[in-house]
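I have placed the structure first, in the form of structure tokens, so that the comments after it can refer back to it.
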Amino acid sequence: MAPSPTGPIHIGNMHTALFNWLFARKAGGKFILRFEDTDRERSDAKYEQLIYDEMRWLGLDWDEGADVGGPYGPYRQSERLPLYAEYARRLTDSGHVYPCFCTPEELDAERAAAQKAGQAYKYSGRCRGLDEAGRRKLESLGRPPSLRFAVPAGQVVVIDDLVRGRIDYPADAISDFIIVRPNGMPLYNFAVVVDDITMRISHVIRGEGHISNTPVQILIYQALGEPLPQFGHVGHILLPSREKMAKRAGNAYVGLYRDEGFMPEVIVNFMALLGWTPPDGREFLTLPEIVAEFSLDRVTKAPSVFDPDKLSWMNANYIRRLERDELARRCLPFLVRAGLVAGGLEQGPGAAGAGSAPPGMVPSDFGRVAWIVGLEQERIETLAQIVPATDFFFRREVTPDEPAAKALQAPDVGNTLEQATATFGEVADWTPEPLEAVGRALAERLGLSPKLVFQPMRAAITGRLASPPLFDTMAALGRGLSLERLARAVAFAKAPA
RNA sequence: GGCCCCAUGGUCUAACGGUUAGGACGCCACCCUUUCAAGGUGGCAGCCCGGGUUCGACUCCCGGUGGGGUCACCA
């Protein structure tokens, strides 16, 4: 896996990283994380850190890399320049490469002409035929040359692709390409080959966008007399709009999903199923299970569209399967960040922060948080949704949202709530079953359907029309706050609209 | 335009010559129900087109069509 540290890593790149990792782990091989930072303008070390963080968050580790080192380092291209120079010399000495003195302007002109003629651009080869005298003459003019690869004519390059099978690529479609700039910096296709050779890379698994790079790289291997690694090109991941996930386009960064409350094991499970299925068709798999089943010949060739709806569904499913306390632990950071509960509750009862509360909030310990979170467990799809779903439990006061306010102002609701306030004020055992019994008895006494009593109470107590079951909610909220909110709602309901 | 890749419901996919083309998301209906969910049941919806090969094609071959990639002193 060799990203360039020029920005946050999106789902598409992470997807091929995952497949690389899975393949390496399944095969018992090494997974290497190196950086392609020869584009100094766009590269930034802070993105390296971002990539580490996101990989680790997903549970993808690496055996060799810029941070952990390894036997074939360094693992940044910018630190491997002498190596490229050495291999460039080898190619020059063997005559596979020649100096090119053409200026950017001259090349632009060639390209423009090809464009105009509706032809694929190929370098004219002007400098290829230069003899020693001609070269020396141009050199004496002070023009530093770039190094071009002399592509052999009439050859068919064969790619034996691990996912696509055999691909025949006519070398005549390939222009004499530059491997080293006049300033000595290697170009991508050349640097990659040198890295892959010197790092003893056995398998190159990358996106299908690289298919056209592969034959030029194979040409370099052949010129060097080095054995080829195995190539495998997996399909791209597309946005729902069917656009390709480009580096800066779209907003499919892994970190964004983390912030929205998608869980790492879900992202991994979901990405694995994009272009791959286990033989038994299971949809829910842990990382070790995926490793055990993974193989490249079950990888689809066609690109696949990333469906956020299905991701949400899967995340919700995982949330429901979690132990309640574990879910609470995972929700806690979101609640703390939202200012609903104090930090430091993670350790459970008696932990720092227990019993204290941010301004305007009800003090909560871990047990209370877990209780409340449990009520929403089958109602939220992402961890972040815990905040709007439960904020009324933590706030001292609630103001009804628009539909709730409307419901409270309906005819007779004031009276109903007045009755409810009085009746529930008598209840001593503030647990769900007794509360429900009292509620149903009240409805019967008033000659109303349960719904006509419960909905106004719900609006009064939660400030909204949708919530967990009313009596569970009242029990978790507590007697004092519940009665307080009922009483306030009476006034609200009776006030002239 | 040349070259290369790809093609099963809206989406993710199963099928590796013989199935009423299976599953999942989403959508619709119904059930459950104090709301919202969750859950249950049922439903709508697909092999891009045309030729071959074969007793028999979603599966193999060829040609179209459509989509994508690539043709840099970017990676």
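Quick caveat, the model's predicted, so the values are computed rather than measured.
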Quick one: does NZ or CZ of [X] land under 6.0 Å from the six-membered ring centre of [Y], within 45 degrees of the ring axis?
X: A:R321; Y: A:F284; value: yes
X: A:R111; Y: A:Y121; value: yes
X: A:R135; Y: A:F101; value: no

Nucleotide of [options] approaching [X] most closely (side-chain heavy atoms):
X: A:L187; options: B:C74, B:U34, B:C3; value: B:C74
X: A:S4; options: B:G10, B:A75, B:U34; value: B:A75
X: A:S304; options: B:U13, B:G23, B:U11; value: B:U13
X: A:P170; options: B:C4, B:U34, B:C73; value: B:C4

How close or far is atom [atom2] of [N] from atom [atom1] of [X], stated in whole angstroms?
X: A:R379; N: B:U33; atom1: CZ; atom2: P; value: 16 Å
X: A:L107; N: B:A72; atom1: CG; atom2: P; value: 10 Å
X: A:N189; N: B:C73; atom1: CG; atom2: C1'; value: 13 Å
X: A:D172; N: B:C71; atom1: CG; atom2: P; value: 18 Å
X: A:I159; N: B:C6; atom1: CD1; atom2: P; value: 11 Å
X: A:K406; N: B:U35; atom1: NZ; atom2: P; value: 20 Å
X: A:Y123; N: B:A72; atom1: OH; atom2: C1'; value: 14 Å
X: A:E243; N: B:G67; atom1: CD; atom2: P; value: 15 Å

Could you check whether [X] gets within reach of a base, just the sugar-phosphate, or nothing at all, counting any heavy atom under 4.0 Å?
X: A:L465; value: base
X: A:T473; value: nothing
X: A:G281; value: nothing

Respond yes when some side-chain nitrogen or oxygen of [X] is under 4.0 Å from OP1 or OP2 of [N], and no when none is.
X: A:S449; N: B:U34; value: no
X: A:R111; N: B:C73; value: yes
X: A:R242; N: B:G68; value: no
X: A:R148; N: B:A72; value: no

Q.
Taking the P atom in each of B:U59 and B:C16, what is the distance between them to the nearest angstrom?
A. 13 Å
Q: Determine the interatomic distance between C1' on B:A14 and the same-named atom on B:A72; round to the nearest Å.
A: 42 Å
Q) How about A:E79: does its CD atom have over 12 heavy atoms from other parts shown lying under 6.0 Å from it? A) yes
